[in-house]
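The structure under discussion appears below in the form of structure tokens.
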Amino acid sequence: MSDNDCIFCKIIKGEIPCFKIYETDKIFCFLDIGPVNKGHALVIPKEHYENLWALPDDLGKEIFKACKTVGKAIVEATKADGLNVIMNNNKAAGQLVFHAHFHLIPRFDNDGHEHWKQQEYPNMDEPAGLAEKISSLIA
Ligand code: 5GP
Ligand code: ZN
């Protein structure tokens, strides 16, 4: 399953060059062209799935394994102090390429990147109701 207009499908097919790190029969991993920090890589399934919910569960296991293996190598290679594993799903969450992918971002003490802004719940009825609502939607 491949999408002709998808930039990551083109990378997998070799139509667009990339700096490849690792691959299995189902997974591909390469350096992000616009790294947050040098060594920032992407883990993607070879088949085209748009986002988290489109990914088959069994593929999730392979992706998780690749994130661990490649993430460890990135930390060693860059002498990083930490690693962010991030997935953006849908435009509102910052997804720009609609071929599911996980970012592996090496992090360094005092590298200047900040966490997103957080807020407080004005009263505890709200999180109580939300947790109940979310929970009730899980089959
Ligand atoms: P998103 O915002 O969708 O989670 O992240 C997409 C990522 O893909 C971005 O970090 C961007 O730098 C990276 N990217 C976009 N086009 C290319 C490309 O042609 N080659 C590589 N290696 N990375 C790309
Ligand atoms: Zn694709």
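Computation of the quantities below employed the complete heavy-atom set of this structure, encompassing side-chain atoms and omitting hydrogens, waters and symmetry-equivalent molecules. First listed ligand is number 1; within each ligand, the first listed atom is number 1. Along the sequence shown, residues are numbered consecutively beginning with 1.
Between Asn89 and Leu52, the shortest heavy-atom contact is OD1-N, 2.9 Å. Annotation for Ala100 and Pro45: closest pair O-CD, 3.2 Å, computed over non-hydrogen atoms. Closest heavy-atom contact between Leu31 and Gly39: CD2-O, 3.7 Å. Considering every non-hydrogen atom in both Ile27 and Lys46, the closest pair reads O-CE, 3.6 Å. Between Met87 and Asn51, the shortest heavy-atom distance links the atoms CE-C, 4.2 Å. Cys67 approaches Val85 most closely through the heavy-atom pair SG-CG1, 4.3 Å.
At the shortest separation from atom 20 (N) of ligand 1 among protein heavy atoms lies Ile11 CD1, 3.6 Å. Ranking protein heavy atoms by distance to atom 22 (N) of ligand 1, first place goes to Leu31 O, 2.9 Å. Ranking protein heavy atoms by distance to atom 19 (O) of ligand 1, first place goes to Ile7 CD1, 3.8 Å. Among all protein heavy atoms, the one lying closest to atom 9 (C) of ligand 1 is Asp32 OD2, 3.3 Å. For atom 24 (C) of ligand 1, the closest non-hydrogen atom of the protein is Ile33 CG2, 3.6 Å.
Where the criterion is an N or O separation shorter than 3.5 Å, residue side chain and backbone included, Leu96 meets it with respect to ligand 1. Between Cys18 and ligand 1, no N or O atom pair is found at a separation short of 3.5 Å.
Taking a cut-off of under 4.0 Å to the non-hydrogen atoms of Gly94, the atoms of ligand 1 that pass are 1 (P), 2 (O). Distances below 4.0 Å separate heavy atoms of Leu42 from the following atoms of ligand 1: 8 (O). Within ligand 1, counting atoms from 1 as listed, the ones closer than 4.0 Å to a heavy atom of Val97 are 3 (O), 6 (C). Of all atoms in ligand 1, listed by their number and element, those nearer than 4.0 Å to a heavy atom of Asn88 are 1 (P), 2 (O), 4 (O). Using a 4.0 Å cut-off to heavy atoms of Phe30, the atoms of ligand 1 that qualify are 21 (C), 22 (N).
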Trace of the side-chain contact (heavy atoms from CB on, under 4.5 Å) decision for Leu104 with Lys72: CA-CA 10 Å; Leu104 303 178; Lys72 186 167 182 277; over 6 Å; no
side-chain contact (heavy atoms from CB on, under 4.5 Å) between Lys38 and Thr78, worked out: CA-CA 8 Å; Lys38 290 168 187 167; Thr78 61; 5.9 Å; no
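Less than 2.8 Å away from the Zn ion (ligand 2), the protein contributes these N/O/S atoms: Cys6 SG, Cys9 SG, His48 ND1, His99 ND1.
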Which pairs of donor and acceptor atoms, one on a side chain in residues 114-136, lie under 3.5 Å apart (sequence neighbours left out)?
{"from": "Asn123", "atom 1": "OD1", "to": "Asp125", "atom 2": "N", "distance (Å)": "2.8"}
{"from": "Ser136", "atom 1": "OG", "to": "Lys133", "atom 2": "O", "distance (Å)": "2.7"}

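Contacts between Phe8 and ligand 1 below 4.0 angstrom, taking non-hydrogen atoms only, involve the side chain exclusively.
Cluster partners of Ile44, by chain and number: Ile7, Phe8, Ile11, Ile12, Ile16, Phe28, Phe30, Leu42, Val97. The rule joins Ile, Leu, Val, Met, Phe, Trp and Tyr whenever side-chain heavy atoms lie under 4.5 Å apart.
Across His40, His99, Met87, His101, heavy-atom proximity to atom 4 (O) of ligand 1 is greatest for His101.
Among the candidates Asn37, Val75, Ile105, the single residue satisfying the side-chain contact (heavy atoms from CB on, under 4.5 Å) test with Leu83 is Val75.
With a 6.0 Å radius and a threshold of 12 heavy atoms from other residues, nucleotides or ligands, Lys13 has its NZ atom above the threshold.
Among residues at least two apart or in separate chains, ring-ring contact (aromatic ring centres under 6.0 Å, His included) pairs with a member in residues 32-67 are His40-His103, His48-His99.
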